[in-house]
Amino acid sequence: MSKKPLILVVNDDGITAPGIRTLIKIMNTIGDVVVVAPDSPQSGMGHAITVDSTLYVEKIHIDNGPQSEYSCSGTPADCVKLGVREILKRKPDLCVSGINHGSNSSINVIYSGTMSAAIEAGIEGIPAIGFSLLDFNWNANFEHAESFIKTITERALKNGLPEGVVLNVNIPNKNKKDIKGIRVCRQAKANWVEKFDKRQSPMGKDYYWLAGKFVNLDQGEDTDEWALENNYVSVVPVQFDLTAYQSIKQINTWNLND
């Protein structure tokens with residue numbers, strides 16, 4: 001009998017979030033699960049790590065599943081580091097992050113704690129996938145996402161991922177019958193047009209709330225935004241080597257040593 005894969009589960013919405021509870025349930029049907037997740041929401045933390053304060057990890061028990069669970073005081077990236085270095089007895093076969101409450105498509109991958117956890121696992125040489133549902137509601141219904149998550153996870157375990165690549169998976173907030181399938185895409189060129197809502201405290205001190213809108217600048221039909229708008233699950237291979245290789249030759253024309 002083949003040994004079950006060891007799966008590390010992390011997220012950024014906190015260990016009690018409905019999204020991670022659903023992801024744990026799915027992963028329990030695939031392998032042996034260890035959860036290391038933040039003890040409170042860490043959305044938008046990106047790849048932040050804790051360097052100027054102590055970290056705490058507590059073994060906890062939330063439901064009746066067979067998984068082992070640890071609540072961590074740090075960021076999503078901290079959770080992966082501690083899971084790999086201190087908690088797990090061996091390198092996991094896979095790390096899955098999510099299910100995030102809200103989209104991590106396009107430029108959102110840069111800010112995402114969910115995807116940063118997956119990327120941190122990738123840096124450690126662990127195949128990794130970040131899963132997100134396009135619904136920010138805490139009580140979002142994840143049921144229609146389960147079969148897609150299981151399929152993608154099982155295929156990743158069977159086939160492996162290219163070196164230096166993790167997957168960014170976003171799932172439309174639609175009924176399962178309305179989702180047309182899964183598309184492997186590129187990241188759309190899009191960004192946030194931001195503004196700040198300036199207010200004043202009763203003490204006369206200025207403060208700000210970040211606001212803005214998401215603008216898709218990409219009309220391509222091979223992007224994650226197009227796929228999601230057309231009711232497909234989007235899968236974007238993400239590389240964490242940020243080198244713009246195509247620009248090296250051009251920058252060398254600057255004759256920097258002259």
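Atom CD of Glu163 sits in a sparse spot, with 12 or fewer heavy atoms from other residues, nucleotides or ligands closer than 6.0 Å. Enclosure of atom CD in Glu194 by more than 12 non-hydrogen atoms of other residues, nucleotides or ligands within 6.0 angstrom is indicated. Phe214 CZ: more than 12 foreign heavy atoms inside a 6.0 Å radius. Atom CD of Glu229 sits in a crowded spot, with more than 12 heavy atoms from other residues, nucleotides or ligands closer than 6.0 Å. At most 12 heavy atoms of other shown residues, nucleotides or ligands fall within 6.0 angstrom of atom CZ in Arg85.
Residues Glu86 and Leu55 fail the side-chain proximity criterion, which asks for heavy atoms closer than 4.5 Å. When side chains are defined from C-beta on, Tyr70 counts as touching Val34, because their heavy atoms get closer than 4.5 Å. By the 4.5 Å heavy-atom criterion applied to side chains, Asp224 and Ser106 are counted as neighbours. Between Asp63 and Glu69, some side-chain heavy-atom pair lies under the 4.5 Å cut-off. Contact check for Ile126 versus Lys91: side-chain heavy atoms found under the 4.5 Å cut-off. Here the side chains of Lys81 and Cys79 are not in contact, with every heavy-atom distance at 4.5 Å or above. Side-chain contact between Ser105 and Leu228 is present, with heavy atoms from C-beta onward closer than 4.5 Å. A 4.5 Å side-chain heavy-atom check between Met27 and Ile149 finds at least one atom pair inside the cut-off.
No donor-acceptor pair closer than 3.5 Å links the side chain of Thr151 to the backbone N or O of Phe148. Checking side-chain atoms of His101 against main-chain N and O of Ala140 turns up no donor-acceptor pair under 3.5 Å. A donor-acceptor pair under 3.5 Å is formed between the side chain of Thr75 and the backbone N or O of Ala48. In this structure a side-chain-to-backbone donor-acceptor pair under 3.5 Å is present from His144 to Pro172. A donor-acceptor pair is defined here as one N or O able to donate and one able to accept, closer than 3.5 Å; no such pair exists between the side chain of Thr223 and the backbone of Ala188. A donor-acceptor contact shorter than 3.5 Å links the side chain of Asn170 to the backbone of Asn104. The main-chain N or O of Gly130 is never found under 3.5 Å from a side-chain atom of Ser97 such that the two would form a donor-acceptor pair. Not a single donor-acceptor pair under 3.5 Å links the side chain of Ser112 to the backbone N or O of Asn108. Thr253 places a side-chain N or O within donor-acceptor distance of the main-chain N or O of Gln250, the cut-off being under 3.5 Å. In this structure, Asn141 contributes its side chain and Glu143 its backbone to a donor-acceptor pair below 3.5 Å.
Remark: Asn173 CG to Asn137 CG distance equals 9.0 Å, nearest 0.5 Å. Atoms CD and CG, on Glu120 and Asp78 in that order, are 8.5 Å from each other to the nearest 0.5 Å. Within the model, atoms OG of Ser68 and CD1 of Ile60 stand 11.5 Å from one another, a figure rounded to the nearest 0.5 Å. Note that CG of Asn252 and OG of Ser247 are 11.0 Å apart. Values are rounded to the nearest 0.5 Å. Note that CD of Gln219 and CD of Glu221 are 9.5 Å apart. Values are rounded to the nearest 0.5 Å.
With no hydrogens or angles considered, no side-chain donor-acceptor pair links Ser71 and Glu58 at under 3.5 Å.
Scanning all heavy atoms of the two residues, the minimum distance from Val165 to Pro237 falls at CG1-CB, 3.8 Å. The two residues Ile107 and Asn191 make their nearest non-hydrogen contact at CG2-CA, 3.8 Å. When all heavy atoms of Gly122 and Ala128 are compared, the pair lying nearest together is N-CB, 4.3 Å. Pairing each heavy atom of Gly98 with each of Leu23, the nearest pair is O-CD2, 3.3 Å. Shown here for Lys176 and Ser147, the closest heavy-atom pair between the two residues is NZ-OG, 3.0 Å. Contact detail for Arg183 and Ala227: the closest heavy-atom pair is CB-CB, 4.3 Å.
Of the residues listed (Thr16, Asn11, Ile15), the one engaging Asp13 in a side chain to side chain contact (heavy atoms under 4.5 Å, CB included) is Asn11, and it is the only one.
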task = I would like to know whether Ser73 and Asp39 meet side-chain hydrogen bond (donor to acceptor under 3.5 Å, both in side chains); could you show each step before the answer?
result = CA-CA 6 Å; Ser73 64; Asp39 58 12; 5.1 Å; no

query = side-chain contact (heavy atoms from CB on, under 4.5 Å) between Arg21 and Ile62: does it pass, once the steps are laid out?
reply = CA-CA 9 Å; Arg21 306 319 303 177; Ile62 294 179; 3.4 Å; yes

Residue pair Lys150, Thr29: steps toward the side-chain contact (heavy atoms from CB on, under 4.5 Å) verdict = CA-CA 9 Å; Lys150 186 169 184 178; Thr29 68; 3.5 Å; yes

inquiry  = Test side-chain hydrogen bond (donor to acceptor under 3.5 Å, both in side chains) on Thr114 and Asn100; report intermediate values, then the result.
reply    = CA-CA 7 Å; Thr114 299; Asn100 189 63; 3.0 Å; yes

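Residues Glu146 and Lys25 are paired through a salt bridge, judged by an N-O separation under 4.0 Å between the basic side chain and the carboxylate.
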